[in-house]
Every structure is written in structure tokens, then in C-alpha cells.
Amino acid sequence: MTAATTTLEDESQSSDQRGPARWWALGVLAIAQLMVVLDATIVTISMPFAQRDLGISDGDRQWVLTAYTLIFGGLLLLGGRLADYLGRRRMFLIGLVGFAGASALAGLAQNGAELFAGRGLQGAFAALLAPAALSLVSVTFTEARERARAFGVFAGVSAGGAAIGLIVGGALTEYANWRWCLLVNTPIALIAFLGALAFVARDVPAPRTGGYDLPGAVTATLGLVSVVYGFSRAASDGWTASTTLALLIAGVALLAAFVAIERRSSNPLLPLRIPGEINRGGSFLVALLLPIAMFAMFINMSYYFQITLGWSALKAGVAFLPFPIGIVVSAGVASGLLPRIGPRPLMITGSVLGTAGLLYLSRLSFGDSYAGGVLPAVILIALGMGGLFVAMQTTALHQVEERDSGVASALLNAAQQVGGAIGTALLSTIAVQVAERFARNNPGVDHVMARAAIHSYDIAFLIGAGFFLVTIPIIAFMVRDKPENLLEGAEHVHVGV
């Protein structure tokens, strides 16, 4: 094939991709991202019912969540590189079919082992889906305003998916069966598969000049698994337990070895130039810290609604509804502002609103109403998160070459997964210790257990606000992109049909 023919094909392919089909493709990619994000929380409300039906012990029930997050977080970098090398659309389709099958296996499980295996497989195929979906958005939308709108949709789904998972999980548990929290993914994934065949354009895989970076793949996967699992064990065993310390030390050592390998590799799994660029590095740091702050709200508000207030699963889920609605609104506004004012003002505004929302929540006291004690804070955080996620996802892929878009997307997802694991372990441990201390020091207070629980939530909210606060100087000093620079290099992206 001649160079002229190749150029003509690329021009034709790019022209096709500018047609209306790309917006249908965005809908398909957003559906897949929503499945991946909400599956981390959709089983939270239904977990007690699954535990009872399948005879899962209290010690093993954590694996309903951990099996998913552990495998998902551990395989993300490898999944992103496979998307670059083998084709993003191809990996996206494989991920959808695998996710559909794994969801069916988990939903039809007859014992705990089958449920854990299904959840682990869900995590493995999610590690193919998530980076492929985000990188497909990146290479599909290259015009400034359209790209901002596309990232607005994707960011809204990413930021609101956890709350949507709680809402959907509550409704399905209340009116159907806990199994449908898993089985619902199968038809949705298959519909998305058909949509991807129809609307998602074939991309051109990155040319590979050397072999696969197997040492990098092994050390990165084992290191991420060890870190995520270490934080999970910290939530149940404590931070000073030998298992917790061994896992965290091993994880850090493996990740350090991974960095050393990548510095010397001629064909690295993660080229260090990706996190090394200051704008992208700042975004990845924010992506690590944000989930810690967000888990301060989601986990403790779920406990507050269902345990402290005694609300039903459905009512607790509906109480989170203002969160995704606020994110949709703010993400839409942010996508219009991003090409004009750049990412830094949007990200700082989002962090300030998030800090203010969690500080407001930290004033929660016994007897407060939902409208006065919770709703204003949820709205503040949601309005901040939309713009923050739109700008963060755009800047994390700042001037990333097409050949590296899959692994850059995977690194963003991996940072969020590790942050979520840290948030779960850190805030769960602190909340338990604070509640026990309050109850011990105030034995004669009426409703002492409820007051102790609320006090522990308040402390967790304050800590979450602190993590939000830390993101502000990171954004101010590291995110330097100007509006005109956001899409620099995008004109070199080529996609096929």
C-alpha cells in the first residue's frame, strides 16, 4: 500500500468519524463506563441479602466488593496497553462480551465461591473496558468544543456512577432480587456491544516495534493488587496488622521496581513521559486524592441513612438522587466553559465547592433533617464534581500521543481505584475508632450509639474535606494548560471505520 493511499484512507476515515454516528458512539461508550463505575457500588445495598442466601460468612463478605476492585485495579495498566497494541475498539468489544458473561455468572451464583469468581471476572473485563472507552472518546472527538462536550458526558457518568449504583441497587433490591443487581449488566452489555459494532469506529492500533514489556506488566499488576488489597485488609484488620503492613510494603516495592523497569525498557508498558508531564501529573494526583474525599461522603452517608436513620434500601438510594442530577448540570456547564477558560479555574472551583460541602456535612448532628443537614452539602459537592471531572479527564490526556492514549486512560482509572481503596480503608478504620471512643466517654448520653455514629461520620467528613483542600495547591501549581493548548496534537489522531 502506498503512502498516498494510506493518507487518502486516513482522511476518509477521519471524515466519516466527523458524522453524527460519533455521538451515538459516545452514548455507547458512556453506557459501558456507567456499568464499570456503578458496579463497584450497586451491590453495596444488596450485599446483606446475598450473604444470607449464599451462606457467606462475615469474614468473607468483603470479597463481594474486594474481588471486583482488586482485579480491576490490578489489571488496568495492562488492559490499557492491550487497547493501544491490539485496538481500542477490539478490546472494548471483548470487554463487553466478557463483562456480560461474568455478570451472569455472578448473578446466578449458587455459593460464595461462584459469586466471588464472577465478581473477579467482572473486574478483569472492566480493566479492558474502562481504558478502551476513555481512549476512544479521546481519539474520536478532536475538535475543541465537541471534545469538551464529549468529556462532559463521560465525566458526568464517571463522577455520578457511584451514586447511581446506590440508587439502582436500592430499587432492584427492594422490588426484584439482589441477583438483579448483577444480572442487569448482561442485557445492557450486549446492547452496548451491538451499538459498538454499529457506531464505534475502528481505530488503528499503535505500531509495536519491540516485544511486550512482561516484567513491567507483572510488577505493575502485582504491585497494584498488593496495594489495593493492603488497604482493603487495613479496613478489616487494622493498619498495624502484619498482613496489612506486608501487603503495603510489598506493593510499594513492586511499584518501585516497575518504575525502574520502565526507565530502562525500550518498549515500556507505561512510558514515564505520560505521568512526567506537569499537567498530566497534576491531574493524576488529583485523581488519586478525589476518591478518598468522595468515599467520605458515599460510605458514611449510606450508613447514616440505613443504619442511623433506619431507612429502606430504596429510600437511601433515592436520597442520593440530587448528586447525579447536580453532576449532569455542572458537567454540562463546564463542558461549555472549558474551551474558553481552560481547566485550572474549573478544577479549583470544583475543589472549593467539594471542600465547602464536606465541611457543611461535618456539622451534622443528632435530629437534623435531610433537607437542612444533608441536601445542601450534596448539592455543593455535586456542582463541584461535574466541572472538576470534566477538566481532570481532559487534562489527564493532555497532548497524549494516540499510541499511548489507552495506557494514559488506564493510569487515570488506576489512580482512582487506588484512591478509592485508600478512602475505604482509612475512613472506615477511623470512623469505627471514633465511634467507640465517643460511646466509651459518654455512657450516660441518650441515644448514645446513634450520636457516636454521627460523630464518627462528622470526623470522616472533615478528613475528606482535608483531602479536597490538598488538591487546590496541586491544581494551582501543576495544571497550567491554557484553553488553546488543550487539544494541541489532536489533529494527528486518525481513526478508521
Side-chain angles (χ1 to χ4, degrees), residues 37-51 58 61-62 64-66 68-69 159-174 178 181 232 235-236 290-327 354 357-358 360-362 364-366 368-371 373-382 385 419-432 434-435 449-465 467:
V37 175
L38 67 79
D39 236 65
T41 58
I42 193 172
V43 298
T44 301
I45 291 176
S46 65
M47 196 158 59
F49 301 92
Q51 180 182 0
D58 288 344
R61 67 182 177 186
Q62 63 158 324
V64 178
L65 295 174
T66 305
Y68 180 80
T69 57
I164 294 171
L166 293 170
I167 297 167
V168 174
L172 290 173
T173 303
E174 187 94 2
W178 67 267
C181 292
S232 298
S236 57
L290 270 186
I292 304 176
M294 296 304 295
F295 269 78
M297 186 189 74
F298 282 127
I299 292 177
N300 291 289
M301 290 314 301
S302 296
Y303 289 148
Y304 175 68
F305 292 146
Q306 293 185 83
I307 297 176
T308 308
L309 299 183
W311 288 2
S312 69
L314 179 60
K315 188 175 181 179
V318 171
F320 281 104
L321 192 57
F323 190 77
I325 292 174
I327 283 177
L358 280 171
Y360 187 97
L361 270 181
S362 71
L364 188 67
S365 59
F366 184 77
D368 282 352
S369 67
Y370 171 78
V374 175
L375 184 58
V378 171
I379 293 173
L380 277 174
I381 297 169
M385 287 305 92
I422 295 171
T424 302
L426 177 66
L427 298 172
S428 297
T429 305
I430 292 175
V432 169
V434 168
M449 298 311 297
R451 292 181 187 275
I454 293 171
H455 177 65
S456 72
Y457 307 151
D458 289 344
I459 298 300
F461 297 144
L462 277 175
I463 294 171
F467 279 102

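Remember, it's a predicted structure, so these values are computed and weren't measured experimentally.
Of all the heavy atoms in Asp458 and Leu361, the pair that sits closest is OD1-O, 3.4 Å. Between Pro291 and Gly419, the shortest heavy-atom contact is CB-C, 3.7 Å. Pairing each heavy atom of Ala371 with each of Pro376, the nearest pair is O-CD, 3.2 Å. Of all the heavy atoms in Pro324 and Ile164, the pair that sits closest is CB-CG1, 3.8 Å. Scanning both residues, Ala431 and Ser456, for their nearest heavy atoms gives O-CB, 3.1 Å. In terms of heavy-atom proximity, Leu358 sits nearest to Ala465 at CD1-N, 3.6 Å.
In this pair, Phe320 and Phe305 present their aromatic rings perpendicular. The plane angle is above 60°, beyond the 30 to 60° band.
In this structure, Leu375 CG and Leu380 CG are separated by 10.0 Å, a value rounded to the nearest 0.5 Å. Note that the CG atom of Leu38 and the CD1 atom of Ile167 stand 10.5 Å from one another [nearest 0.5 Å]. In this structure, the separation between CZ on Phe461 and CD1 on Ile459 is 11.0 Å, given to the nearest 0.5 Å. One distance of note links CD1 of Ile379 with CD1 of Ile327; it measures 12.5 Å at 0.5 Å rounding. Expressed to the nearest 0.5 Å, how far OG of Ser302 lies from CE of Met297 amounts to 8.5 Å.
Leu426 is listed as a side-chain neighbour of Phe467, based on a closest heavy-atom distance under 4.5 Å. Residues Lys315 and Leu309 fail the side-chain proximity criterion, which asks for heavy atoms closer than 4.5 Å. Contact check for Tyr304 versus Asn300: no side-chain heavy atoms found under the 4.5 Å cut-off. Taking the side chain as every heavy atom from C-beta outward, Trp178 and Gln51 never approach each other to under 4.5 Å. Considering only heavy atoms from C-beta on, Val43 stays 4.5 Å or farther from Tyr68 through its side chain.
Within 6.0 Å of CZ on Phe49 lie no more than 12 heavy atoms contributed by other residues, nucleotides or ligands. Within 6.0 Å of OH on Tyr360 lie more than 12 heavy atoms contributed by other residues, nucleotides or ligands.
With sequence neighbours excluded, the residues that form a side chain to side chain donor-acceptor pair (under 3.5 Å) with Thr308 are Tyr457. The side chain to side chain donor-acceptor pair (under 3.5 Å) check on Ser365 picks up Asp368, with sequence neighbours excluded. Considering only residues two or more places apart in sequence or on other chains, Asp39 meets the side chain to side chain donor-acceptor pair (under 3.5 Å) condition with Arg119, Gln122, Asn185.
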